[in-house]
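Have a look at the structure below, then the notes.
Being a predicted model, the structure only gives us computed values, none of them experimental.
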Amino acid sequence: MILRIKILFVTLVVSLVSFSVFAQSIEELQKQKADAEKEIEYTTRLLNETQQNERSSLSKLRLINTKINSRNTLISNIKHEIGIYEQCIANNDLAVEMLKNDAQQLKNEYAGMIRMAYKNLNSYDEVLFLLSAENVNQAYRRLLYFRRYKTYRENQAQMIGAVQEVLDESIKKLEQQTVAKQALIEQTEKEMIILNQEKSTQSSELQELQKQKSSLQKTLQQQRRVEQQLEREIQAIIEEEASKNREAGGSGFALTPEQKLIGDNFEQNKRRLPWPLERGVIVEHFGVHQHPVLTNVQVQNNGINIATDVGAEVRAVFNGEVSRVFGISGGNTAVIIRHGTYLSVYSNLREVVVKKGDKVSTKQPIGTVYTDTKDGNKSILKFQIWKESTKLDPEDWIGR
């Protein structure tokens, strides 16, 4: 009985390791790895487009930085997966050792029974044993004994087979996990070699760009003017709506029931909004961060910058109404869409196919991203989300 419980425990350990920790964690990590690999592949393609222009550029450096971050994520996921395999292998090693001991113990016991039965075959011949009974009742009990002994031997043989089957399966899984772990170790080594090459390219680009400090400072000043103009336009929309509502005796945005419903739905879709582009990689994140080249210079980004393909279509992230379409000196065209109390802002567009007052739906095209052929075919969409006068991080709103 104790042996059966032990066997059951080992089987459960193997099953839990294989199907719970192993399957679920590995599946999730493999999905994350696939996402990182797709992002690396796409970023590489964008880099190849920018490298048609041999001149070093800030957009090229940002793409390299993004690629390195994706590579680090990929390597981290692989190492995590290796750790899970190591845990599985350790647990299955223990299970195999226990099963081997159980199998050997069962075989020894069974061999002992066979030897005993063979040794006493003449002394305990079944017929003579039954006939030598003193009465019918004793003969019946002896018959039951023979039957139970025979059943016990059969059960013992079946248990040996069952334990051996579990043992063979555990050894097979152990071999598979060992092979998978080794493949991941080899993949990690290859990724580390590529990462070091990318870091070398990053260093070279950085050194070249540091020679262009005056030009980068002018570009930064121009970007700040663009951001300031965008902010003025957004604040103008907010003030217009506030004025309308003050005239009606309210405060904040003056919303119709339909607009309020759209705003509520927008908020309920946080982290699930579609991207404003079909494909892209984020090359500059929200908030204050260090300039990638200029030392002791911080950059304030009111949204995110997304690198994409030449001529990529820009689309609305949710149902709403176009509040503004306007040109920005040095920043091309911008579109602001209102979703109740929320605003989504799309700037650095080349062509726009909507106008103020248009109702738009989720993923509806609103224009085309601008491509800077002078700066290595750079195609960057600048995307922002506001709630009234509060700037929000778009990465908290769009789907991963």
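- Within a 6.0 Å radius of CD in Gln290, other residues, nucleotides and ligands contribute more than 12 heavy atoms.
- In terms of hydrophobic clustering, with Ile, Leu, Val, Met, Phe, Trp and Tyr side chains grouped at heavy-atom distances under 4.5 Å, Leu47 and Ile194 are assigned to different clusters.
- Between Ile84 and Leu29 there is a side-chain heavy-atom pair separated by less than 4.5 Å.
- Put simply, the side chain of Val283 reaches to within 4.5 Å of the side chain of Leu63, judged on heavy atoms.
- Transitive grouping of hydrophobic side chains (ILVMFWY, heavy atoms separated by less than 4.5 Å) brings Met192 and Ile64 into a common cluster.
- For the atom pair CG (Leu294) and CG (Leu216), the distance works out to 5.5 Å, reported to the nearest 0.5 Å.
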Next on the checklist: I'd like to know whether Thr333 forms a side-chain contact (heavy atoms from CB on, under 4.5 Å) with Phe326, so could you lay out the CA-CA distance, the side-chain angles of the two residues, the decisive distance to 0.1 Å, and finally the verdict.
Outcome noted: CA-CA 6 Å; Thr333 306; Phe326 59 97; over 6 Å; no
Next on the checklist: Between Thr371 and Arg350, does the side-chain contact (heavy atoms from CB on, under 4.5 Å) criterion hold? Intermediate values first, please.
Outcome noted: CA-CA 8 Å; Thr371 298; Arg350 179 172 59 86; 5.8 Å; no
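- Partners of Glu227 according to the side-chain hydrogen bond (donor to acceptor under 3.5 Å, both in side chains) rule, which considers only residues two or more places apart in sequence or in another chain, are Asn302, Gln384.
- Hydrophobic clustering of Ile, Leu, Val, Met, Phe, Trp and Tyr side chains at less than 4.5 Å, counting indirect connections, keeps Tyr370 apart from Leu349.
- The side chain to side chain contact (heavy atoms under 4.5 Å, CB included) test with Leu74 is passed by exactly one of Gln32, Glu39, Lys79, Glu37: Glu37.
- Below 30°, between 30° and 60°, or above 60°: for Phe318 and Phe266 the angle between ring planes is above 60°, a perpendicular geometry.
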Please table the atom pairs, donor to acceptor, closer than 3.5 Å between any side-chain atom in residues 268-275 and protein atoms at least two apart or in another chain.
from	atom 1	to	atom 2	distance (Å)
Asn269	ND2	Asn265	O	2.7
Arg272	NH2	Gln268	O	2.9
Trp275	NE1	Gly399	O	2.7

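- Note on Tyr85: it clusters hydrophobically with Ile185, by side-chain heavy-atom contacts below 4.5 Å among ILVMFWY residues.
- Within the 4.5 Å cutoff, side-chain heavy atoms of Asp309 are placed close to those of Tyr42.
- Qualifying salt bridge (Lys or Arg N to Asp or Glu O under 4.0 Å) partners for Asp393, counting only residues two or more places apart in sequence or in other chains: none.
- By the 4.5 Å heavy-atom criterion applied to side chains, Glu205 and Lys60 are counted as neighbours.
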Item to check | Step-by-step side-chain contact (heavy atoms from CB on, under 4.5 Å) determination, Ile366 to Val335 | outcome: CA-CA 8 Å; Ile366 60 172; Val335 174; 4.3 Å; yes
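- Annotation: side chain of Val345 is not in contact with side chain of Ile385 (no heavy-atom distance under 4.5 Å).
- Val226 and Ile336 fall within a single hydrophobic cluster, where Ile, Leu, Val, Met, Phe, Trp and Tyr are joined by side-chain heavy atoms under 4.5 Å apart, directly or via other members.
- For Arg71, the side-chain hydrogen bond (donor to acceptor under 3.5 Å, both in side chains) partners are Glu191, Glu198, not counting sequence neighbours.
- Put simply, the side chain of Arg232 reaches to within 4.5 Å of the side chain of Gln229, judged on heavy atoms.
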Checklist entry - Going through the checks in order, is the side-chain hydrogen bond (donor to acceptor under 3.5 Å, both in side chains) test met by Gln221 and Arg224? => result CA-CA 5 Å; Gln221 290 171 0; Arg224 284 172 175 165; over 6 Å; no
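- The side-chain hydrogen bond (donor to acceptor under 3.5 Å, both in side chains) search around Thr44 returns Lys67, not counting sequence neighbours.
- Put simply, the side chain of Gln187 reaches to within 4.5 Å of the side chain of Leu184, judged on heavy atoms.
- Here the options are Lys382, His285, Glu284, the test is side chain to side chain donor-acceptor pair (under 3.5 Å), and the partner is Asn305; only Glu284 passes.
- Scanning for salt bridge (Lys or Arg N to Asp or Glu O under 4.0 Å) contacts around Glu231 gives Lys391, with sequence neighbours left out.
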Next on the checklist: Please evaluate residues Leu381 and Tyr346 with respect to the criterion side-chain contact (heavy atoms from CB on, under 4.5 Å), reporting the C-alpha separation (whole Å), side-chain torsions for both, the decisive distance (0.1 Å), and the verdict.
Outcome noted: CA-CA 7 Å; Leu381 172 68; Tyr346 315 76; 4.3 Å; yes
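- Residues Leu195 and Lys199 have side chains in contact (heavy-atom distance under 4.5 Å, counting atoms from C-beta outward).
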Next on the checklist: Could you go through Asn319 and Thr362, starting from their C-alpha distance and side-chain angles, then the distance that decides it, and tell me whether this counts as side-chain hydrogen bond (donor to acceptor under 3.5 Å, both in side chains)?
Outcome noted: CA-CA 5 Å; Asn319 302 335; Thr362 303; 3.2 Å; yes
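- Within a 6.0 Å sphere centred on CD of Gln176, other residues, nucleotides and ligands contribute more than 12 heavy atoms.
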